[in-house]
There are 2 protein chains.
Amino acid sequence: MNQSIKLSVDAVVFGYEAGTISVLLIKRKYEPFKGKWAIPGGFVLNNEALEKAVERELKEETGVEINYLEQLYSFGNPNRDPRGRIVSIAYFGLVHPSAFKINASTDAEEVQWFKIDELPQLSFDHKDILKLAISRLQSKITYEPLGFELLDEKFPFSDLENLYTTLLGRPIDRRNFRKKFLKLNILDELDEKISKGSGRPANLFKFNQKRYFKLKQEGIIFDI
Amino acid sequence: MNQSIKLSVDAVVFGYEAGTISVLLIKRKYEPFKGKWAIPGGFVLNNEALEKAVERELKEETGVEINYLEQLYSFGNPNRDPRGRIVSIAYFGLVHPSAFKINASTDAEEVQWFKIDELPQLSFDHKDILKLAISRLQSKITYEPLGFELLDEKFPFSDLENLYTTLLGRPIDRRNFRKKFLKLNILDELDEKISKGSGRPANLFKFNQKRYFKLKQEGIIFDI
DNA sequence: CCAAAAGTGTTATGTATACACCCATGG
DNA sequence: CCATGGGTGTATACATAACACTTTTGG
């Protein structure tokens, strides 16, 4: 056996802030696709676990600390990379809004958040990867009470509402949504309010981690 | 970069016949795990697409013609294979009962169908792979009108019923199940009957491929 | 005529949906 | 006092779940 396939990992990282979903991209420094945007990632080291490789590459290339990571899909088309046969295991990650800070602290020509409906041209087959990741995110949200992984610790209910309307791309009934989500019994209402300048101040909520993860394990179907 | 990772594919193939779900395993000829049972699979060739590699290995090792194939998950734990770093992309396959014939035509010490509740000890991390595949099958059946991929062209309704009760591991209400499934409008009732020796002969059905695949694409939630 | 599997409807209960007004604050 | 976003209840339609007897064949 004389195999010369190389193995890489890529990570599609989503963040949510102020009513928009963004994805983290880097601008490539070297050929091929020099100067083009790409999903962060790189080669797996010989004795490195796959998830560790993802975390390492993300940190090296973007400085982002990932909050949630799961495997997405493996891409192995023989022609996907002009450098040779490179199979990539793609991951799917979510971060809290606080991780958005990289945008300021890093050279904007190198790392940037892009709104998912304003994407630039991408390198390799990264368009396919991103497309799959977006559809995974959209379907995931309909059967899991997603939110904990994307919102900050404390948040007004309207943030959650916005997250869902944004991801689903359609309006949802505020009353029904609130009823349904609260009935899951994974949110704790705090004795704290936040004011957004105008309008009635909103109560803050936080996820009850114990009950949240218990519910996820049970594989709840959250038919929004 | 001096990567020495090798890439393999493995395929968990399920078949359904006479009220039981079985999985296709091979007995290993060589070390490591010589003489132990394992999921069929092998190394990917340099210019070979991943799915092609799966199909080739399956044919070489078991003679089975696969009917449905999808990617399951990639396993990359650095210690999963004693021969070195081998990352495996696992696939999930379904075959028609007619493919069960391999059992007779091939050396039984080499390839065999095992009922999923009577599994032998497995090599490598194949127990984990199989476990994941089984849970995928079980969850898939609850949101997709699975059946076409596992049953023969014409079948009595009771076969479908049995498939579901077997996979779900619990009884289902025959009347409700039939109503719900027929309402999907993907089964065509034939003017043919089959008799199983005793009892009233059953009408045969077949899947209407067009409507079936259309429904699958729409991602139907089939809340059995 | 008996055993065995196939086939068939109705009712009750729960869940999803549609819908509009009052509340609390800042300016 | 006005503009802005936050917070709340009810009635209807639909879907699920529970439940048992009749039909057709082979032996």
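Excluded from the calculations below are hydrogen atoms, water molecules and symmetry mates; all remaining heavy atoms, backbone and side chain alike, are included. In the text below, chain A, chain B and the rest are named by the order of the sequence lines, each starting its count at 1.
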[N] base to [X] side chain: any donor-acceptor pair below 3.5 Å?
X: A:N176; N: C:dA18; value: yes
X: B:R175; N: D:dA20; value: yes
X: B:R174; N: C:dG7; value: yes

Within this structure, what is the [atom1]-to-[atom2] distance between [X] and [N], rounded to whole angstrom?
X: A:L182; N: D:dT8; atom1: CG; atom2: P; result: 8 Å
X: B:N162; N: C:dA5; atom1: CG; atom2: C1'; result: 11 Å
X: B:R178; N: C:dA5; atom1: CZ; atom2: C1'; result: 12 Å

Inset, instruction - Quickly, which of A:R178, A:K180, A:K179 forms a side chain to side chain donor-acceptor pair (under 3.5 Å) with A:N176? Name it, please. - result: A:K179

Inset, instruction - For the pair A:F207 and A:F155, name the ring-plane relationship: parallel under 30°, tilted 30 to 60°, perpendicular over 60°. - result: tilted

Inset, instruction - Hey, which sits more toward the 5' end of DNA chain C by its nearest nucleotide, B:S198 or B:F205? - result: B:S198

Inset, instruction - Can you pull out how bent the helix from C:dC1-D:dG27 to C:dG27-D:dC1 is, comparing the axes over its first five and last five pairs, to 10°? - result: 0°

Inset, instruction - Using a 4.0 Å heavy-atom cut-off across all strands, classify A:K179 as base, sugar-phosphate, or nothing. - result: base

Inset, instruction - Report which part of the nucleic acid A:D173 touches: base, sugar-phosphate, or nothing (heavy-atom distance under 4.0 Å, all strands). - result: base

Legend entry - Short side-chain N/O contact to C:dT25 OP1/OP2 from A:S195, under 4.0 Å: no

Legend entry - Closest listed nucleotide, where the reference is the side chain of B:S158 and the choices are C:dT17, C:dG7, C:dA6: C:dA6

Inset, instruction - Apply the side chain to side chain contact (heavy atoms under 4.5 Å, CB included) test between A:L132 and each candidate in A:V12, A:L137, A:L72; give the one that qualifies. - result: A:L72

Inset, instruction - Let me know, please, whether A:R200 or B:K183 comes out on the 5' side of the other along DNA chain D by nearest nucleotide. - result: A:R200

Legend entry - CD-CD1 distance between B:E51 and B:I89, expressed to the nearest 0.5 angstrom: 9.0 Å

